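Keep in mind that this is a model prediction, so the values were computed, not measured.
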Amino acid sequence: MASSRGSSKGTRARASAKAGRRTERAELPQGQGPEQKGRPLAARSAFELRSLLWSLFLALAFWGLAIIFYVSLQRDPNRVLYAAMAAFLALLWTVNFSFRLSRRRRR
């Protein structure tokens with residue numbers, strides 16, 4: 001008996017929570033998620049700067065790895081493969097950094 005009372009209360013609570021979520025989603029402007037609704041402008045700017053710096057750091061790190069793999073692994077027959085994989089990742093992070101930088105310049 002105690003479980004049937006608890007489940008009906010839980011069902012009502014879940015139903016009211018779902019109704020609250022529906023109204024919350026309907027109030028958000030186009031293109032903004034719930035996590036950006038309450039975030040102040042300074043926090044968003046700091047987050048964008050941090051992500052810009054991380055993408056720069058990763059791009060430089062993978063370029064360095066590509067060079068190190070190609071130069072230091074003289075006796076390994078797969079050194080070109082390792083260097084190419086690192087260079088490919090470096091290229092992806094470089095493109096990511098350039099997109100973030102251009103978006104930041106536009107603002």
Side-chain angles (χ1 to χ4, degrees):
M1 265 221 219
S3 64
S4 65
R5 280 191 291 164
S7 65
S8 65
K9 287 182 183 177
T11 306
R12 277 186 265 149
R14 274 186 251 128
S16 64
K18 286 182 183 178
R21 274 189 251 135
R22 282 190 209 116
T23 58
E24 182 181 324
R25 286 185 188 152
E27 294 170 4
L28 291 176
Q30 186 79 12
Q32 285 190 346
E35 66 278 352
Q36 291 184 358
K37 180 182 176 188
R39 187 181 289 179
L41 183 61
R44 274 187 270 161
S45 177
F47 176 75
E48 290 171 3
L49 179 64
R50 190 180 314 138
S51 63
L52 179 75
L53 291 176
W54 266 107
S55 57
L56 173 66
F57 171 74
L58 286 170
L60 291 175
F62 276 115
W63 282 119
L65 269 177
I67 292 169
I68 288 171
F69 284 159
Y70 189 73
V71 172
S72 68
L73 299 176
Q74 292 292 327
R75 295 180 187 218
D76 191 357
N78 292 326
R79 72 183 175 127
V80 176
L81 177 66
Y82 298 147
M85 288 190 312
F88 178 69
L89 285 171
L91 184 64
L92 288 176
W93 279 109
T94 303
V95 169
N96 185 328
F97 172 73
S98 65
F99 283 151
R100 289 178 190 266
L101 187 63
S102 66
R103 185 176 10 164
R104 187 166 173 90
R105 282 186 182 173
R106 257 186 278 147
R107 289 183 184 178

Where [X] and [Y] come nearest, the two heavy atoms and their spacing:
X	Y	value
L101	L52	N-CD1, 3.6 Å
A59	A90	O-CB, 4.0 Å
S55	N96	CB-OD1, 4.2 Å
Y82	F69	O-CD1, 3.6 Å

* Asked: Would you say the side chain of R100 lies within less than 4.5 Å of the side chain of E48, judging by non-hydrogen atoms?
  ->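 Counting from C-beta outward, E48 and R100 never come under 4.5 Å.
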
- Would you mind reporting whether F88 and M85 have side-chain heavy atoms less than 4.5 Å apart? no

**Prompt:** Within the distance-only criterion (no hydrogens, no angle test), does the side chain of R79 pair as donor or acceptor with the backbone N or O of Y70 below 3.5 angstrom?
**Reply:**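 Yes, because the side chain of R79 sits within donor-acceptor range (under 3.5 Å) of the backbone of Y70.
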
Next on the checklist: When you group the ILVMFWY residues by side-chain heavy-atom contacts below 4.5 Å and let the links chain together, are W63 and L92 in the same group?
Outcome noted: no

Can you get from L73 to L89 by hopping between Ile, Leu, Val, Met, Phe, Trp and Tyr side chains that sit under 4.5 Å apart?
->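 Yes; L89 is reachable from L73 via cluster members.
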
Got a second to check how far T94's OG1 is from L58's CG, nearest 0.5 Å?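 Between T94 OG1 and L58 CG, I get 10.0 Å after rounding to 0.5 Å.
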
To the nearest 0.5 Å, atom CH2 of W93 lies from atom OG of S98 at 12.5 Å

